[in-house]
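Here the structure comes first, spelled out in structure tokens, and everything after it is commentary.
Because only heavy atoms are used, hydrogens play no part in the values below, and waters and symmetry mates are left out as well, while side chains stay in. Counting starts at 1 for both ligands and their atoms, in listed order.
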Amino acid sequence: MFNLTEKIIAAHLTEGEMIAGQEIGLRIDQTLTQDSTGTMAYLELEAMGIERVKTKLSVAYIDHNMLQAGPENFDDHLFIQSAAKNYGIWFSKPGNGICHQVHLERFGVPGDTLIGSDSHTPTAGGLGMLAIGAGGVDVAAAMAGKSYYIQMPEVVEVHLTGKLRPGVAAKDIILYVLQQETVKGGVNKVYEYTGEGVKTLSVPERATITNMGAELGATTSIFPSDEITEEFLQSMGRGEVYQPLAADSDACYSRRLEVALDQLVPLIACPHSPDNVVTVSSLAGTEIGQVAIGSCTNSSYLDLAKCAMLLKGKKVHEDVSLVISPGSRQILKRLADEGLLSIFLEAGARVLECGCGPCIGMGQAPNNNGKSLRTFNRNFYGRSGTKSADVYLVSPETAVASALTGVITDPLGYLEFGEAKVPSSFKIDDNLLIAPNEAYIGQTPLVKGPNIKEVPAALPPTEEMSAKVLTVLEDNITTDHIMPSNAALLPYRSNIPYLADYCLTPSDSEFPSKAKANGGGIIVAGENYGQGSSREHAALAPLYLGVKAVVAKSFARIHKQNLVNNGIMPLIFADSNDYANLHQGDELVFSDLLSQIPTGKIVMQNKTTGQKINLKIELGDRQEKLLLAGGLLTSIRNQKE
Ligand code: MIC
Ligand code: SF4
């Protein structure tokens with residue numbers, strides 16, 4: 001009768017009904033943060049005034065800001081470490097690995113709920129967790145014991161049959177799903193994987209798929225928890241947290257997508273979108289200058305052991321720079337113990353530290369007009385750190401084949417594949433994981449470097465409002481457009497005034513100055529505004545610049561919530577043709593806003609053209625209250641007073 005998603009939701013439901021589209025509250029068992037969103041999350045937790053976290057388990061990872069070109073990043077690490085100590089949170093030191101990979105290895109529990117201040121939190125869906133990406137303030141609220149709210153998702157069944165051919169990878173499965181569903185196809189949906197093909201996939205392979213389900217815009221993706229999950233957990237010395245979990249045999253889904261694994265071929269996502277997918281063979285022969293293997297999508301032991309086997313005794317092409325970033329220290333150590341690391345070095349690879357690295361533009365930016373092939377999950381415009389670069393997303397197998405030839409190469413027919421297996425046990429060394437210690441909880445001062453500035457406060461909407469259109473943007477604007485993050489900007493994640501000067505500059509270099517000159521204004525955009533990251537900075541920087549509303553054809557899920565949390569109205573065109581009727585500089589007037597918001601219908605007057613434009617605001621009851629209270633943090637601060 002029930003699918004797996006419904007079963008886990010039912011076991012954690014605190015409010016609402018399990019009717020698709022309705023707002024529901026969930027009890028959250030575990031949380032995770034990483035450093036680039038974590039500083040804000042812990043400042044917000046501090047503002048909530050709690051003594052200790054109320055979840056079963058919370059972990060603070062350091063994995064993004066690792067370049068430390070100045071003191072800012074280390075200062076941020078120390079702030080997060082002090083917050084972890086004070087509130088009773090596990091702390092994963094820099095060098096321990098990428099949050100999603102380490103969480104899978106050390107903490108994930110089938111059937112539990114997890115929210116994380118990172119959009120790829122659904123990676124843990126590979127273990128049968130209900131794992132969802134969220135803004136930092138939502139994660140802070142969950143740590144403070146509050147429910148997490150989502151729209152009850154539609155559950156789409158992805159039915160896997162057959163078995164992948166050697167040389168075709170889990171990455172090709174998710175690239176195929178992205179090709180079918182697009183980057184906005186998954187908004188408010190969960191993708192649940194079923195069918196006999198599931199049994200052919202190991203946990204790290206399942207995690208590659210659930211990880212990149214984030215690129216569908218999905219709430220999350222999930223696999224059942226079965227004997228393969230049990231073996232994985234046992235290999236990590238955590239067999240006791242295993243429980244079998246699956247959908248009932250007569251479970252209902254909103255729709256079924258069939259994937260015949262044996263029919264798949266190697267696929268590649270072309271610039272600048274993860275759903276711009278074609279076959280690798282159709283691009284064969286295209287020259288490339290860089291290959292990067294790693295990121296939370298493809299940096300498991302299995303991925304890297306496969307790569308080592310394929311590189312053994314071979315040399316990387318002289319015109320290619322191959323960089324490899326292992327997902328965790330445990331993986332790196334095992335590669336070293338087994339001699340596989342030497343294979344990488346002998347082949348001519350550059351081995352980076354365990355972290356996000358090039359995936360978030362922290363180093364290894366491609367050359368001007370360069371072509372870079374990456375096993376990562378996002379190839380958004382400019383994200384690599386080089387605006388003129390073309391970034392392609394591929395499987396580890398395609399990455400290795402192409403690194404050897406110097407041109408995009410279909411691994412089928414070029415490489416010979418052996419069998420790489422997930423080992424039955426790992427040497428566990430949690431030396432870089434600091435457990436919560438009762439002696440410090442509630443007793444530790446928070447260490448704040450000078451770069452840590454206050455979180456800007458949002459204000460409730462007013463009855464009347466008038467503001468100018470600051471910019472008109474196209475479809476699929478990503479959070480990397482709204483709040484770019486690269487080696488130069490990432491150190492300022494706890495300094496919104498500084499970041500605000502770069503807000504939306506990849507799309508409109510004048511945006512910050514226009515916003516400042518007009519004392520704020522309104523952003524107009526197309527479909528799927530705010531896709532990508534969970535970074536609430538993409539709402540906080542506009543808030544700081546005085547942005548009152550975004551009028552778009554549609555919104556990505558996490559970003560819409562981040563806007564509401566920060567008191568910015570996410571308004572939708574009732575008729576998307578009206579998008580063409582708004583221009584930069586138009587003066588927009590809203591009357592009776594406070595009485596219109598609860599009706600979900602808002603009439604906006606374009607004073608410049610004299611036109612009336614009908615808009616919608618689609619909020620659950622709780623979201624509506626939050627917006628009217630000036631956002632989540634403002635409402636929590638006000639409750640405290
Ligand atoms: C990303 O992959 O875009 C990031 C960087 O991990 C973000 C988080 C951030 O912006 O700090 C995400 O996925 O949420
Ligand atoms: Fe890090 Fe990249 Fe994964 Fe984001 S997508 S968590 S930047 S590895």
Side-chain angles (χ1 to χ4, degrees), residues 32-41 61-67 73 76 80 92 94 97-104 115-124 131-136 138-139 174 183 207-208 210-215 217-218 220 274 292-300 303 323-328 352-364 374-385 391 393 478-487 489-494 499 530-541 556-559 561-562:
L32 71 79
T33 58
Q34 40 86 341
D35 47 321
S36 64
T37 54
T39 45
M40 279 296 149
Y61 292 93
I62 307 291
D63 54 2
H64 282 61
N65 285 310
M66 309 246 291
L67 275 184
N73 286 347
D76 283 357
I80 293 174
S92 176
I98 306 176
C99 55
H100 309 302
Q101 180 62 39
V102 178
H103 210 82
L104 212 57
I115 67 166
S117 61
D118 191 281
S119 64
H120 291 102
T121 303
T123 313
I132 306 177
D138 282 318
V139 178
I174 187 63
V183 289
T208 293
T210 55
N211 171 285
M212 213 173 160
E215 275 50 73
T220 192
I293 298 176
S295 92
C296 54
T297 322
N298 278 119
S299 62
S300 66
D303 283 327
V323 293
I324 298 179
S325 27
S328 74
L352 307 178
E353 73 176 319
C354 307
C356 299
C359 179
I360 184 60
M362 289 301 263
Q364 275 63 44
R374 299 175 163 211
T375 66
F376 305 169
N377 46 35
R378 289 188 173 147
N379 57 349
F380 298 150
Y381 171 70
R383 180 177 163 100
S384 65
V391 174
L393 307 174
T478 73
T479 43
D480 281 287
H481 291 94
I482 309 170
M483 198 56 264
S485 275
N486 51 34
L489 290 182
L490 218 50
Y492 297 94
R493 280 297 186 93
S494 36
L499 283 185
Q531 69 157 325
S533 158
S534 66
R535 64 188 73 143
E536 52 196 340
H537 308 73
L540 286 165
R557 180 189 67 88
I558 306 178
H559 187 61
Q561 185 60 54
N562 284 342

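Looking at ligand 1, you won't find any N or O of S485 less than 3.5 Å from one of its N or O atoms. The distance criterion of under 3.5 Å between nitrogen or oxygen atoms is not met by S117 with respect to ligand 1. Residue contacts with ligand 1: D480 is placed with no nitrogen or oxygen under 3.5 Å of a nitrogen or oxygen of the ligand (distance criterion only).
Of the protein's non-hydrogen atoms, the one nearest atom 10 (O) of ligand 1 is R535 NE, 2.6 Å. When only non-hydrogen protein atoms are considered, atom 13 (O) of ligand 1 lies nearest to S119 OG, 2.5 Å. In this structure, atom 4 (Fe) of ligand 2 lies nearest to the protein heavy atom H64 NE2, 3.8 Å. Of all protein heavy atoms, the one closest to atom 11 (O) of ligand 1 is S36 OG, 2.5 Å. The closest protein non-hydrogen atom to atom 8 (C) of ligand 1 is Q34 NE2, 3.1 Å. At the shortest separation from atom 7 (C) of ligand 1 among protein heavy atoms lies S533 OG, 3.2 Å. Looking only at heavy atoms of the protein, atom 2 (O) of ligand 1 is closest to R383 NH2, 2.9 Å. Protein heavy atom in closest approach to atom 2 (Fe) of ligand 2: C359 SG, 2.3 Å.
Counting the atoms of ligand 2 from 1 in the order shown, those under 4.0 Å from a heavy atom of N377 are 5 (S). Each of the atoms 6 (S) of ligand 2 lies under 4.0 Å from some heavy atom of H100. Applying the 4.0 Å criterion to heavy atoms of R383 picks out, from ligand 2, the atoms 2 (Fe), 5 (S), 7 (S).
By the criterion of a heavy-atom distance under 4.0 Å, neither the backbone nor the side chain of Q101 is placed next to ligand 2. At a heavy-atom distance under 4.0 Å, only side-chain atoms of R378, from C-beta outward, approach ligand 1. Contacts between R378 and ligand 2, counted as non-hydrogen atom pairs separated by less than 4.0 Å, are absent for every part of the residue. Of all the heavy atoms of I360, the ones lying under 4.0 Å from any atom of ligand 1 belong exclusively to the side chain. Residue contacts with ligand 2 for T297 are absent, since no atom lies close enough (heavy atoms, distance under 4.0 Å). At a 4.0 Å heavy-atom cut-off, ligand 2 touches D118 through the side chain alone.
Between the choices S533, C296, C356, the shortest heavy-atom distance to atom 1 (Fe) of ligand 2 belongs to C356.
Between R493 and ligand 1 there is a heavy-atom distance shorter than 4.0 Å.
Using cut-offs of 30° and 60° for the angle between ring planes, the H481 and Y381 rings count as parallel.
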